[in-house]
Each structure stands twice: as C-alpha cells, then as structure tokens.
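So the structure is just underneath, and the comments pick up after that.
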Amino acid sequence: MDRVLIADDHPLVRDGLRAVISLAFEGCELFEAATLDEALGVLGEGAEFDLVLLDLNMPGATGFDGLDRMVAQFPATPVVVVSGSHTAALVRGALAHGAAGFVPKSLRRSAIAEALRAVLDGEVYVPADIAEEITTEDAAEASIRRRIDLLTPQQRVVFGLMVAGRLNKQIAYELDVSMTTVKAHVSAVLAKLEVFNRTQAVILANRVGFPPVIPTRK
DNA sequence: AGGTTTCAGCCATTCACCCG
DNA sequence: CGGGTGAATGGCTGAAACCT
C-alpha cells in the first residue's frame with residue numbers, strides 16, 4: 001500500500017487512523033482531508049490512491065451522498081467507510097452505495113489494520129458481528145417474503161389496503177364486499193403471516209417494503 | 001376434490017357518553 | 001369521579017357458492 005487518503009473532520013480521528021496505518025503499512029504515504037470537497041480535491045489531483053478512509057458525516061456530506069459522489073468520480077479507488085455508529089442498516093447502506101468496507105471507529109487497532117488488508121486484497125470488509133447481524137436480518141426478511149407469497153390474490157389486495165392504513169369497513173367499501181368478508185381475509189392474512197393482529201402484519205410489510213394499495217374507487 | 005371467495009353470527013376490546 | 005351502556009371495530013369460526 002502506497003497512498004492512502006484519510007477523510008474525516010475530526011483531527012483526533014485522523015491522528016488515530018494515521019497512527020494505525022503507519023504502524024501496519026510501513027512507508028505508506030498518508031493524505032488527509034477535513035471536508036468532502038477537500039477529499040475530492042486531493043483525489044482529483046491525478047495520482048492514484050490505494051485506499052480512502054471516509055467518514056460519512058463530514059462538512060459537505062450528509063447520509064450517503066458523500067460516498068456516492070466519491071464512488072461516482074473515482075470508481076477505481078476503494079472507499080472504506082469509517083463511522084462512529086455501526087447499525088446493520090447503516091453498514092448495509094454503505095455497501096449498497098459502493099463502499100469497499102465498513103470500519104467502526106470502536107474497532108481495535110489490529111482489527112482496523114486487518115480490515116484494510118482485506119480490502120486491499122479485494123474483499124469487502126464488514127466486522128464479523130455486524131455481518132452476522134445482517135445475515136440474520138436477511139434471513140428474517142426472506143422468511144417474511146415467503147409467508148407473503150402464500151397469500152392469494154384477493155388476500156394480497158386486502159393486505160395492501162391494511163398496509164395503507166384502511167379499516168375493515170373502508171376495505172369492504174373499496175372492494176365492494178361485506179365487512180365480514182374483509183374480516184375473513186384479514187384473519188387468513190394474519191394466519192399466513194403468523195402474526196396476531198394487523199399492526200404486526202403492517203410492521204412485517206414495511207420491513208420488506210410490501211407496497212400499500214392505493215384505492216381507485218371514489 | 002380442493003382451494004378461494006364470500007357471508008352470517010358470535011365474542012372481545014375500546015371509546016364516548018350519560019347518570020348518580 | 002366511577003360505573004353502566006351502547007356503538008364501533010377487530011378478530012374467529014363454520015358454512016355455502018364458485019372455480020379449476
């Protein structure tokens with residue numbers, strides 16, 4: 001590893017990363033940036049970088065847009081996200097936006113060095129515990145989708161209206177059937193989704209992005 | 001025949017309202 | 001304020017009609 005850019009607005013964090021990298025990768029040339037524009041400027045100077053360590057929350061960047069801009073402008077440079085928080089959703093989002101790895105700031109020095117080596121070897125690095133959490137979540141969501149697949153077409157329509165927040169009475173009106181019919185469909189949906197009430201069903205729907213049904217009848 | 005859709009009837013819970 | 005009452009709503013079950 002020859003050239004690394006550390007992009008973080010906190011000098012203390014930059015110092016810490018600098019110490020870890022210079023210890024683990026002897027002779028490595030280190031560059032620093034405190035804002036997103038500064039980081040993009042350094043990368044745009046021409047010389048190739050082996051790695052960028054990017055903080056998601058820097059001046060000029062909110063959410064994943066800083067990562068997006070960097071990946072779009074320098075697709076050949078691996079970007080490792082360095083973050084203070086490390087929820088499964090955040091890690092998943094970072095990877096989806098093109099990050100080559102995710103390193104929590106709470107990680108041990110040796111683990112950070114290992115993570116950077118893994119990325120240099122072409123791997124996508126995620127801490128083991130978070131990877132496990134993501135795998136578990138993926139399995140749970142797959143299970144929800146399997147259960148939703150069991151619904152009949154009419155049950156899916158009713159479910160969609162439930163997700164849209166409609167009462168049984170409103171669903172009955174929208175579909176031009178009796179309320180008891182709607183209740184039967186709702187009961188079938190709850191049984192197939194293995195939940196006890198519509199609130200839990202709607203939560204499952206939102207978790208996997210099941211679309212609400214927008215009624216057409218006036 | 002078996003699955004889907006529809007319905008009536010029933011019970012439980014929640015909430016607003018009224019009355020003492 | 002607390003208890004009784006009725007309406008609204010959610011949910012379950014059994015049964016009939018319909019479709020493939």
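Each chain gets a letter, A, B and so on, in the order the sequences are listed, and its residues count up from 1. Just the heavy atoms: all of them, side chains too, but no hydrogens, waters or symmetry mates, feed the values below.
The separation between A:Arg198 atom CZ and C:dT9 atom P is 11 Å, rounded to whole Å. Going from atom CD of A:Gln155 over to atom C1' of B:dG3 covers 10 Å, rounded to whole Å. Nucleotide B:dC7 holds its C1' atom 12 Å from the CE atom of A:Met179, rounded to whole Å. Distance CZ (A:Phe159) to P (C:dG11): 12 Å, rounded to an integer number of Å. Across the protein-nucleic acid pair, A:Met162 atom CE and C:dG11 atom C1' stand 11 Å apart, rounded to whole Å. Straight-line distance from the CG atom of A:Leu175 to the P atom of B:dT4: 17 Å, rounded to whole Å. C:dG11 atom C1' lies 15 Å from atom NE2 of A:His185, rounded to whole Å. The CG-P distance, from A:Asp176 to B:dC7, rounds to 9 Å in whole Å.
A sub-4.0 Å separation between OP1 or OP2 of C:dC12 and a side-chain N or O of A:Lys183 is absent. When the side-chain nitrogen and oxygen atoms of A:Ser187 are compared with OP1 and OP2 of C:dG11, none of them lie within a distance under 4.0 Å. The phosphate of B:dT5 has OP1 or OP2 within less than 4.0 Å of a side-chain N or O from A:Thr152. Proximity of A:Thr181 to the phosphate of B:dT5: no side-chain N or O atom is located under 4.0 Å from OP1 or OP2. Applying the 4.0 Å criterion to OP1 and OP2 of C:dT9, one finds that A:Asn168 has every side-chain N and O outside that range. Side-chain nitrogen and oxygen atoms of A:Gln154 include at least one within less than 4.0 Å of the OP1 or OP2 phosphate oxygen of B:dT6. Within the structure, a side-chain polar atom (N or O) of A:Ser178 is placed less than 4.0 Å from OP1 or OP2 of B:dC7.
In this structure the side chain of A:His97 never reaches within 4.5 angstrom of the side chain of A:Val71, judged on heavy atoms. Side-chain contact between A:Leu40 and A:Met70: present, with at least one pair of heavy atoms (C-beta onward) separated by less than 4.5 Å.
For A:Leu190, taking side-chain heavy atoms from C-beta onward, the closest of the listed nucleotides B:dA8, B:dT6, C:dC12 is C:dC12. In this structure, of B:dC7, C:dG11, B:dT5, it is B:dC7 that holds the atom nearest to the side chain of A:Ala184. Between C:dT9, B:dT6, B:dT5, one nucleotide has an atom nearer to the side chain of A:Val177 than all others, and that is B:dT6.
The heavy-atom pair separating A:Val119 from A:Pro78 by the smallest distance is CG1-CB, 4.0 Å.
Aromatic ring centres of A:Phe74 and A:Phe49: separated by at least 6.0 Å.
Remark: the backbone N or O of A:Ala24 is paired with a side-chain donor or acceptor of A:Arg117 at under 3.5 angstrom.
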